[in-house]
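For reference, the structure discussed in these notes is given below.
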Amino acid sequence: LPSQQKGVGMHEPLVDAEGFPRSDIDLYQVRTARHNIVCLQNDHKALMKQVEEALHQLHAREKEKQARDEAEALAEAMSQNQNLPQAFAKVNTVTPGSPASVSGLQVDDEIVEFGSVNANNFQNLQNIATVVQHSEGRPLSVTVIRSGRRVHVGLTPKRWAGKGFLGCNIIPLQR
């Protein structure tokens, strides 16, 4: 409120002790200023309410978008899983320090291709044993599925301190 109004603010009385209008201030100017301040406060409250509602809508849309993105990512992951080739065997042990361990083969890797052997021509573990015997000292291309992803491993069967040429145990998958 204007400074010449003797410190009269929004809540000080505009009448004297006997109930008459105060003569030391311009009542019209004080009441007009109070009215303008109340209008501005109401406008401010209305604007803040609009801002709050807009923020709620924005965050709701963001949540919906995030849920849609997660659903799409899940659907994409599912379709990628369908695109993964058929595994026919699984690694159930890998001896530390063995050729299989050195090549990066891990327990629970599902074998998709082992050299020339794949799901289409695999009959039994003898197929893998034959490939290993014919590939001693030469790298074999082995493709596995690890944690839902296709991984290529270069495995060279060779004699080492342990038994066999690989140092891992492979079991056929029952499909």
Side-chain angles (χ1 to χ4, degrees), residues 10 37-175:
M10 291 296 288
I37 289 171
V38 169
C39 287
L40 288 171
Q41 286 174 336
N42 287 342
D43 290 349
H44 182 259
K45 283 179 190 164
L47 270 175
M48 292 311 288
K49 189 167 180 57
Q50 285 179 333
V51 167
E52 183 183 4
E53 287 169 2
L55 280 172
H56 284 302
Q57 289 173 354
L58 178 73
H59 287 293
R61 277 202 301 270
E62 194 58 37
K63 266 194 181 129
E64 287 171 14
K65 183 182 179 305
Q66 195 174 357
R68 264 199 318 274
D69 289 350
E70 284 174 9
E72 285 174 13
L74 190 65
E76 192 177 322
M78 293 299 229
S79 70
Q80 277 182 347
N81 283 352
Q82 263 87 55
N83 296 343
L84 288 174
Q86 187 77 17
F88 60 87
K90 181 176 174 177
V91 178
N92 71 348
T93 58
V94 177
T95 309
S98 67
S101 172
V102 170
S103 76
L105 215 55
Q106 295 179 8
V107 173
D108 289 335
D109 281 352
E110 293 188 357
I111 299 173
V112 176
E113 289 177 337
F114 194 100
S116 60
V117 181
N118 59 38
N120 300 328
N121 63 14
F122 173 79
Q123 278 104 29
N124 55 39
L125 290 176
Q126 187 55 48
N127 301 133
I128 292 177
T130 306
V131 170
V132 168
Q133 286 163 355
H134 291 298
S135 303
E136 184 183 350
R138 287 196 308 259
L140 275 173
S141 174
V142 178
T143 304
V144 299
I145 297 173
R146 179 181 302 156
S147 307
R149 288 201 172 84
R150 186 191 294 221
V151 179
H152 296 285
V153 175
L155 174 58
T156 305
K158 59 179 174 234
R159 297 186 190 283
W160 62 292
K163 69 183 190 55
F165 287 150
L166 298 179
C168 68
N169 192 40
I170 297 172
I171 55 172
L173 284 176
Q174 262 61 51
R175 291 272 184 224

Quick one, [X] and [Y] - any side-chain contact, counting heavy atoms below 4.5 Å?
X	Y	result
I111	F122	no
V38	M10	yes
V131	L140	yes
F165	K158	no
E62	L58	no
K63	H59	no
L166	V132	yes
E76	E72	no

Look up atom [atom1] in [X] and atom [atom2] in [Y], then write down how far apart they are to the nearest 0.5 Å.
X	Y	atom1	atom2	value
F88	E113	CZ	CD	8.5 Å
D108	T93	CG	OG1	11.0 Å
E53	M48	CD	CE	12.0 Å
Q66	R68	CD	CZ	11.0 Å

Work out which heavy atom in [X] is nearest to a heavy atom in [Y]; give both atom names and the distance.
X	Y	result
L155	S103	CD1-OG, 3.6 Å
P99	T156	CB-O, 3.6 Å
S135	P157	O-CD, 3.6 Å
F114	I170	CE1-CD1, 4.0 Å
G97	V102	O-CG2, 4.3 Å

Considering residues at least two apart in sequence or located in another chain, which fulfil the side-chain contact (heavy atoms from CB on, under 4.5 Å) criterion with [X]?
X	value
N92	N169, I171
S98	V94, T95, A100, S101, W160
Q126	N124, A129, T130

With T143, which of H152, R150, E110 fulfils side-chain hydrogen bond (donor to acceptor under 3.5 Å, both in side chains)?
H152
Hey, is the main chain of N127 close enough, under 3.5 Å, to the side chain of N121 for a donor-acceptor pair?
no
